[in-house]
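Take a look at the structure set out below.
A note on names: the letters A, B, ... follow the listed sequences, proteins ahead of strands, and every chain is numbered from 1.
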Number of protein chains: 2
Amino acid sequence: MSAVLAGTPGRREQNKLDTRRAIAVSALEFARTHGLGNFTVDQVAAEAGVSRRTFFNYFHSAEEALTTSTDAFLELAAAEFMARPADEPLFDAMIAALAAIAKTENLSVCGELFRMAEESPELMRSQLHAWERAETRIRQAVNERLGGNLDPLYLLALVGAVLSCVKAAMQVWAAASNAPPADSASELEDQIVGALSMLRDGFSNPS
Amino acid sequence: MSAVLAGTPGRREQNKLDTRRAIAVSALEFARTHGLGNFTVDQVAAEAGVSRRTFFNYFHSAEEALTTSTDAFLELAAAEFMARPADEPLFDAMIAALAAIAKTENLSVCGELFRMAEESPELMRSQLHAWERAETRIRQAVNERLGGNLDPLYLLALVGAVLSCVKAAMQVWAAASNAPPADSASELEDQIVGALSMLRDGFSNPS
DNA sequence: TGCAAAATTGCACTTAGTGTAACAATGTGA
DNA sequence: TCACATTGTTACACTAAGTGCAATTTTGCA
């Protein structure tokens, strides 16, 4: 049997991704139907057709299994940013990149998780940590983009502030889109652009 | 026996504060000597002269017991801000308030925790959550200060960005002050003012 | 087809975290 | 000073989280 050109990243990788996804899906399912503290890892594992031990091979906790969507969302943001042309002004690149993430396929899930987190300290912590990890990655990207040796304070403050704006935008958007009309992506984009504009203006007027 | 004028907040309140502090102290002690994942709640409770069950009456986890210093720090920041005169320009009030928190008594502990968190996901999550709670409180304060009905996006983005700057300042400061000369408070203040200035300028130049 | 690498699983074990009821300490009023 | 009500502490028992390890199954490759 001739191997397909796919090569090294073959069936194994795919299976792992499938398993990971299956676990994440059933975790989300339980969070929706039973509420956030009201189910066990054993249930999630069983639903995903996997042993309890395997669950913990993929995630450290139930909350972490719920954070995959948020992770993907933020990962995409970082990727979009790094794909911007190097000569583009920084803020333009950020706005373009971060606005583009509204295209994430499971955007509505991200909003859902955002709302869930308001009422679950554990999930909140997981989500915050996901944002923190993304911040680190983006910081590296920005640093490389701007020559490599920036003032550390500038770098930390800038990226932190930008992500705070994106977070703020998501929060407003998530709160408003309890019943997502499926095209709400553009609304999120508007919020993000709005928040980043305020940042660029130094929050000079509370319009 | 005549009661002292202290009144209602009597021995009970004081005992609870003492117990709380004792637990926090021994948690920090264990984190320092044994490393962050390498001790149990039972050990901390025993060291604090308290039962395991009582520990959990005060904190949800070992990490939460470590976050008391950070909480106090941020609480003070919020209080300082709310104490600023109402007619002072917003940014001036924030800079004054946030710079004043450098006076926190256990500042060095905060820096220590900041550094510890880099290597412990659990502690990181706890710390991030503490900042998040503080952000909510400060947001309310700012909202009341500015009339009560601000644009939600503006409010979220502004406070988030400001706290990101403070966090950035602390990170730079904590990284630099491995051997704190005990007067490093002013250095932190400088970093905070620096970061907030960048924010006010819209991060226009990466000086 | 057969072998090596890697993933899944079962099992045992420690620790986290919580409900509950008994117990001790504290504040209060006569 | 003595009962009494309130509130904090403790012991106990229990469920579930999370991890190390060795056995087992699955997958990739020659």
Side-chain angles (χ1 to χ4, degrees), chain A residues 1-24 26-27 30-31 34-67 120-126 129, chain B residues 1-24 26-27 30-31 34-67 120-126 129:
Chain A
M1 208 55 85
S2 69
V4 191
L5 288 180
T8 314
R11 185 81 99 267
R12 279 232 167 92
E13 298 295 325
Q14 190 54 48
N15 284 350
K16 287 185 70 171
L17 287 182
D18 289 347
T19 303
R20 193 179 182 80
R21 170 178 294 258
I23 294 175
S26 61
F30 270 103
H34 292 225
L36 252 168
N38 311 333
F39 59 95
T40 71
V41 167
D42 297 69
Q43 291 176 292
V44 174
E47 170 89 6
V50 115
S51 82
R52 162 192 167 71
R53 191 60 182 82
T54 295
F55 176 96
F56 284 113
N57 283 343
Y58 282 88
F59 301 102
H60 293 312
S61 68
E63 288 74 27
E64 195 177 305
L66 286 173
T67 310
S120 163
E122 271 313 307
L123 183 57
M124 174 63 84
R125 277 194 265 264
S126 261
H129 199 190
Chain B
M1 209 55 85
S2 69
V4 190
L5 289 179
T8 315
R11 186 82 98 266
R12 280 229 167 96
E13 298 295 324
Q14 191 54 48
N15 284 349
K16 286 185 70 170
L17 287 182
D18 290 347
T19 303
R20 191 178 183 81
R21 169 178 296 257
I23 295 175
S26 60
F30 270 103
H34 292 224
L36 251 168
N38 310 334
F39 60 93
T40 71
V41 167
D42 297 69
Q43 291 176 292
V44 174
E47 171 89 6
V50 116
S51 82
R52 163 192 166 70
R53 191 58 181 85
T54 295
F55 175 96
F56 284 113
N57 283 342
Y58 282 87
F59 301 102
H60 293 310
S61 68
E63 289 74 26
E64 196 177 304
L66 286 173
T67 311
S120 164
E122 271 313 307
L123 182 57
M124 175 62 83
R125 276 193 266 265
S126 260
H129 198 190

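Rounded to a whole Å, the CD1 atom of Ile23(B) is 8 Å from the P atom of dT9(D). Per the geometry, CD belonging to Glu122(A) stands 12 Å off P belonging to dA17(D), to the nearest Å. Nucleotide dA25(C) holds its C1' atom 15 Å from the CG atom of Asp18(B), rounded to whole Å. A straight line from CG of Asn38(A) to P of dA16(D) spans 12 Å, rounded to a whole angstrom. Between the P atom of dA16(D) and the CG atom of Leu36(A) lies a distance of 17 Å, rounded to the nearest Å. If you take CG of Leu17(A) and C1' of dA7(C), they are 14 Å apart, rounded to a whole angstrom. Regarding Gln14(A), its CD atom lies at a distance of 11 Å from the P atom of dG28(D), rounded to whole Å. Atom P of nucleotide dT7(D) and atom CD of Glu13(B) are separated by 11 Å, given to the nearest angstrom.
Ala22(A) meets the side chain to side chain contact (heavy atoms under 4.5 Å, CB included) test with Ala48(A); sequence neighbours excluded. Taking Phe30(B) as the reference, His34(B), Phe39(B) meet the ring-ring contact (aromatic ring centres under 6.0 Å, His included) condition, with sequence neighbours excluded. His60(B) is linked by a ring-ring contact (aromatic ring centres under 6.0 Å, His included) to nothing, counting only residues two or more places apart in sequence or in another chain. Residues passing the side chain to side chain contact (heavy atoms under 4.5 Å, CB included) test with Val41(B), sequence neighbours excluded: Phe55(B), Phe56(B), Ala62(B). Not counting sequence neighbours, the partners of Glu122(A) by the salt bridge (charged side-chain N to carboxylate O under 4.0 Å, His left out) test are Arg125(A). Partners of Arg20(B) by salt bridge (charged side-chain N to carboxylate O under 4.0 Å, His left out), not counting sequence neighbours: none found. Scored by the side chain to side chain donor-acceptor pair (under 3.5 Å) test, Asp18(B) finds Gln14(B) as partners (sequence neighbours excluded). Every residue two or more places apart in sequence or in another chain was checked for a salt bridge (charged side-chain N to carboxylate O under 4.0 Å, His left out) with Arg21(B), and none qualifies.
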Stepwise side-chain contact (heavy atoms from CB on, under 4.5 Å) check, Lys16(B) with Tyr58(B):
CA-CA 9 Å; Lys16(B) 286 185 70 170; Tyr58(B) 282 87; 3.6 Å; yes
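Shortest non-hydrogen contact noted between Val44(B) and Ile23(B) is CG1-O, 3.8 Å. Across every non-hydrogen atom of Ser26(A) and Glu47(A), the tightest pair is CB-CG, 3.1 Å. Across Glu63(B) and Leu123(B), no two heavy atoms sit closer than the pair CG-N, 3.7 Å.
The side chain of Thr19(B) places an N or O atom within less than 4.0 Å of a non-bridging phosphate oxygen (OP1 or OP2) of dT9(D).
Contact annotation for Thr54(B): base contact, defined as any heavy-atom pair under 4.0 Å involving a base atom.
Contacts between residues 41-51 of chain B and DNA chain D, counted as heavy-atom distances below 4.0 Å, involve Val50(B), Ser51(B). Of the residues in residues 55-65 of chain B, those placing a heavy atom less than 4.0 Å from an atom of DNA chain C are Phe56(B), His60(B), Ser61(B), in numerical order.
Of the possible donor and acceptor atoms, one in the side chain of Thr40(B) sits under 3.5 Å from a partner among the backbone N and O of Gln43(B).
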Please write out each protein N/O paired with an N/O of nucleotides 20-22 of chain C under 3.5 Å, distance rounded to 0.1 Å.
none

Output one line per pair: protein atom, nucleotide atom from nucleotides 22-27 of chain D, and distance, for all N/O pairs under 3.5 Å.
unit_1, atom_1, unit_2, atom_2, d
dT27(D), O2, Arg12(A), NH2, 2.8

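Looking at Leu36(B) and Leu66(B), their side chains come closer than 4.5 Å, going by heavy atoms from C-beta outward.
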